[in-house]
Amino acid sequence: MPEVTISIGSRQFEVACQEGEESYLHAAAKMLDDEAQVLSDQVGRMPEARMLLMAGLLLADKTASFEDQLGEVRKELAEREAELEKLRNTVVEPERIEVPVVPQAVTDGLAEMAARAESLAQEVEDRVAS
């Protein structure tokens, strides 16, 4: 089991950790050290145990806040996923567009006019040819 030296509040500590966990331990120690530095800047010198307790409590408070935010985000995500699933399962009927039908009388009238025009055109051609 590796031994790692960490620094918190300008104090050195030897800590054992699992193989491969050294980087996580250093990251956690840095977070604790950052909080200890804030306390030291605000309050000044204090006993080691009290400094570690206060820094730990500050980190725990931040963690609790992040967990609350995470819970809200998870809830919102679940709502969005449910809404998305509902939309995926919704069958959208195509919009029906009705085109007006030309009345039969108009169609018949246009056909009669076309027949007359063709007859007149044929009559003109026959006169021109003679």
Side-chain angles (χ1 to χ4, degrees):
M1 189 173 280
E3 290 276 328
V4 178
T5 302
I6 58 173
S7 176
I8 299 173
S10 302
R11 295 176 183 104
Q12 302 294 318
F13 299 92
E14 289 289 324
V15 182
C17 66
Q18 296 293 322
E19 188 73 37
E21 298 291 317
E22 296 89 349
S23 63
Y24 297 113
L25 181 58
H26 282 292
K30 179 170 179 357
M31 291 170 59
L32 193 58
D33 184 49
D34 290 346
E35 294 301 324
Q37 188 61 49
V38 169
L39 285 171
S40 178
D41 292 346
Q42 289 176 352
V43 178
R45 190 104 171 114
M46 68 175 70
E48 180 179 287
R50 183 160 182 83
M51 185 241 341
L52 290 173
L53 172 66
M54 295 299 295
L57 287 173
L58 288 171
L59 284 176
D61 182 55
K62 285 182 180 180
T63 301
S65 175
F66 287 140
E67 286 176 350
D68 289 346
Q69 290 174 4
L70 181 60
E72 290 174 17
V73 169
R74 283 182 175 159
K75 180 181 174 188
E76 186 174 338
L77 178 61
E79 290 171 1
R80 296 292 181 255
E81 286 175 341
E83 183 179 344
L84 182 59
E85 190 62 29
K86 181 181 174 186
L87 290 173
R88 283 185 180 141
N89 293 329
T90 300
V91 177
V92 178
E93 293 293 326
E95 182 180 346
R96 184 181 176 116
I97 300 174
E98 294 189 21
V99 178
V101 177
V102 178
Q104 188 63 41
V106 173
T107 304
D108 291 344
L110 288 173
E112 187 179 325
M113 288 172 61
R116 280 187 191 166
E118 286 178 18
S119 174
L120 287 171
Q122 186 63 44
E123 197 177 305
V124 170
E125 282 182 17
D126 289 344
R127 285 189 185 168
V128 170
S130 347

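If you read the sequence from its start, that first residue is 1, and numbering goes on from there.
For A55 against A36, the heavy-atom pair with the smallest separation is CB-N, 3.9 Å. Residues A29 and I8 share a closest heavy-atom pair of O-CG1, 4.0 Å.
A donor-acceptor contact shorter than 3.5 Å is absent between the side chain of S119 and the backbone of A115. A distance-only check finds a donor-acceptor pair linking the side chain of E22 to the backbone of G20 [under 3.5 Å]. Of the possible polar contacts, one joining the T63 side chain to the L59 backbone as a donor-acceptor pair under 3.5 Å is found.
E14 pairs with exactly one of V4, T5, I6 by the side-chain contact (heavy atoms from CB on, under 4.5 Å) rule, that one being T5.
Under the 4.5 Å side-chain criterion, counting only non-hydrogen atoms from C-beta, V91 is in contact with E93. In this structure the side chain of K62 never reaches within 4.5 angstrom of the side chain of M31, judged on heavy atoms. For the pair E19/M1, no side-chain contact is recorded, criterion being any heavy-atom separation below 4.5 Å from C-beta on. Side-chain contact between K86 and E83 is absent, with no heavy atoms from C-beta onward closer than 4.5 Å.
Here the CZ atom belonging to F13 is positioned 8.5 Å from the CG atom belonging to L32, to the nearest 0.5 angstrom. Of the inter-residue distances, the one linking D68 atom CG with E72 atom CD reads 7.0 Å to the nearest 0.5 angstrom. Atom CD of residue E81 and atom CD of residue E79 lie 11.0 Å apart, to the nearest 0.5 angstrom. Rounded to the nearest 0.5 angstrom, K30 NZ and E35 CD are separated by 10.5 Å. To the nearest 0.5 angstrom, L57 atom CG is 9.5 Å from L39 atom CG.
No side-chain donor from either of Q37 and D33 sits under 3.5 Å from a side-chain acceptor of the other.
Taking Ile, Leu, Val, Met, Phe, Trp and Tyr as members and joining any whose side-chain heavy atoms lie under 4.5 Å apart, directly or through other members, the hydrophobic cluster of L110 also contains V102, V106.
Other residues, nucleotides and ligands contribute more than 12 heavy atoms inside 6.0 Å of the CZ atom of R11. Taking a 6.0 Å sphere around CD of Q18, one finds it holds 12 or fewer heavy atoms contributed by other residues, nucleotides or ligands.
Grouping the Ile, Leu, Val, Met, Phe, Trp and Tyr side chains by contacts below 4.5 angstrom, directly or via other members, places V43 with L52.
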